[in-house]
Amino acid sequence: MSGLKPPPLRDDCFALPAGVDWVPVDQALARLRERLHPVMGQETCNITRALGRILAEPVIAARANPPLANTAVDGYGFAGVVLKGQDLVLPLVEGRAAAGPRYQGHVPQGHAIQILTGAALPEGVDTVIMQEDVTLGSGEIAFRAGVKPRANTRNAGEDIAAGEVALDAGRVVTPADLALMAAVGADEIQVHLPLKVAVISTGDELVEPGQPAGEGQIYDANRPMLTGLLHQFGYHPIDMGIVPDTSDDLRRTLNEAAAKADVILTSGGASAGDEDHVSALLNEAGAMAEWRVALKPGRPIALGVWQGTPVFGLPGNPVAALVCTLIFARPAMGVMAGSGWHEPQGFTLPAAFEKHKKPGRREYLRARVRDGRAEVFASEGSGRISGLSWADGLVELGDGAMEIRPGDPVRFIPFGNF
Ligand code: AMP
Ligand code: MG
């Protein structure tokens, strides 16, 4: 008899191996946040090509928006001082004020001028009455009392004054930002260089999409997913391919990735098994901080540094790989890329499901919103990739125990908010 005994049975498969402390998600995130810093240089970029880029300097308004006081409607402009609470008849001056070059003449007090939306207010005009609210006679207009001085006009600079900050550094440029930058006269702006992120899949079982897959082989689902996410974040993915489960191959690929990229994402091989070379190599490099994060799905995640380059050793499971990327790698990469730590905005919705949740770990469920309620995918199996496609986001359940019934409030985070 060898004396070898099976481990005592546990009713919780996430019970800690002896002597290991699980790091709560918030603590892990706080540590990441304090350790990382921006690494990216900058370049000049024309605003026409700036969509999705990260501002390296604030954009200052070269010009006010609007540059001149103007009219918000089509109608007739005059000096508001004539309004004394009675119905009015005002003679019209010759010509009209339209968007484009400003009307040159002066509109005398007690007179009105036809004016079209966007036209700068001519001299003598500070109030506009809508076309629909007047009766047009020959060379004059009549309208009812009740028009307020300055009605239907916009002040110069009421949106943004010249010299004001239009957009802050760190901002990821949206289509609306392009409109704002154009309006305030921005042209060439300073942006960060895109973060370069190497993506490595590990596993002897993996084959490239498009290749024949033998028995025991599966297609590499993580690389296309991670590469797609990186594109959406505005980063520059570097495809390092599939690496078999040998230390030498992985070491060589990590060396190459560290030389090319600012961050490395690996998937698979991150736990402590025989073929888990990612965690083994990071350990060997001496920079390994293997964080046993109390997170489901997400065990295991390995974080380390390879030749000065941060490595996120994501779980092999596509569902866990996605969740870990969104929860950990995303905000961390934001700091490095120059857009800062990003807290995903979620919102509280009534649950359309019930669940008994164990204490001691944060959980993320594949979820979507229907009829104002959060539905979760029928299976929590972390191999169910179809559930990721089914979902529009994640329901986040806090670290404690929970008994969730339909109608109870839960936090939903859309994928697009990460
Ligand atoms: P590992 O962390 O390497 O033990 O992998 C955990 C599970 O995820 C295993 O079932 C792997 O086959 C699977 N897996 C690992 N990498 C990938 C990948 N790139 N695409 C799809 N499944 C993967
Ligand atoms: Mg593996």
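For ligands, and for the atoms within them, numbers begin at 1 and follow the listed sequence. The residues of the chain are indexed from 1 along the displayed sequence. Everything numeric here is computed off the predicted structure, so don't read it as measured data.
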If you look at every heavy atom in R251 and W306, which pair is closest and at what distance?
-> CG-CZ2, 3.9 Å
Can you tell me if G203 has a non-hydrogen atom under 4.0 Å from ligand 1?
-> no
For S201, atoms of ligand 1 separated by under 4.0 Å from a heavy atom | 19 (N)
Identity and separation of the nearest protein heavy atom to atom 4 (O) of ligand 1 | D276 OD1, 4.2 Å
Working for side-chain contact (heavy atoms from CB on, under 4.5 Å), residues I113 and V125 = CA-CA 8 Å; I113 184 172; V125 172; 4.0 Å; yes
Would D133 and V147 satisfy side-chain contact (heavy atoms from CB on, under 4.5 Å), going step by step from the backbone distance to the final call?
-> CA-CA 10 Å; D133 295 340; V147 181; over 6 Å; no
Starting from atom 19 (N) of ligand 1, find the nearest protein heavy-atom neighbour and note its residue, name and distance.
-> D220 OD1, 2.7 Å
Plane angle bin for F78 and F143 - parallel if under 30°, tilted between 30 and 60°, otherwise perpendicular | parallel
Among protein heavy atoms, which lies nearest atom 7 (C) of ligand 1, and at what distance?
-> N317 N, 3.9 Å
If only atom types and distance count, is the side chain of T202 paired as donor or acceptor with the main-chain N or O of G268 below 3.5 Å?
-> yes
Please report which non-hydrogen protein atom sits nearest to atom 18 (C) of ligand 1, along with the residue it belongs to and the distance in Å to one decimal place.
-> N222 ND2, 3.3 Å
Nearest to atom 22 (N) of ligand 1, what protein heavy atom do you find, and at what distance?
-> I218 CD1, 3.4 Å
Which heavy atom of the protein is the closest neighbour of atom 5 (O) of ligand 1, given with residue, atom name and distance?
-> G316 CA, 3.7 Å
Ligand 1-proximal atoms of E205, by part, heavy-atom distance under 4.0 Å = side chain
Pairing of R33 and D26 as salt bridge, 4.0 angstrom limit = no
Considering only heavy atoms of Y219, which atoms of ligand 1 have at least one such atom less than 4.0 Å away?
-> 20 (N), 21 (C)
Considering only protein heavy atoms, which is closest to atom 3 (O) of ligand 1, and at what distance to one decimal place?
-> G269 N, 2.8 Å
Mode of P318 contact toward ligand 1 - side chain, backbone, both, neither (heavy atoms, under 4.0 Å) = side chain
Atom 20 (N) of ligand 1: which protein heavy atom is closest, and how many Å away?
-> A221 N, 3.0 Å
Side-chain (D74) to main-chain (T117) donor-acceptor, under 3.5 angstrom = yes
Protein heavy atom under 4.0 angstrom of atom 10 (O) of ligand 1, is there one?
-> no
Closest non-hydrogen contact found for G118 with N70 is O-CB, 3.7 Å
Closest heavy-atom pair and its distance - I200, A257 | CD1-CB, 4.2 Å
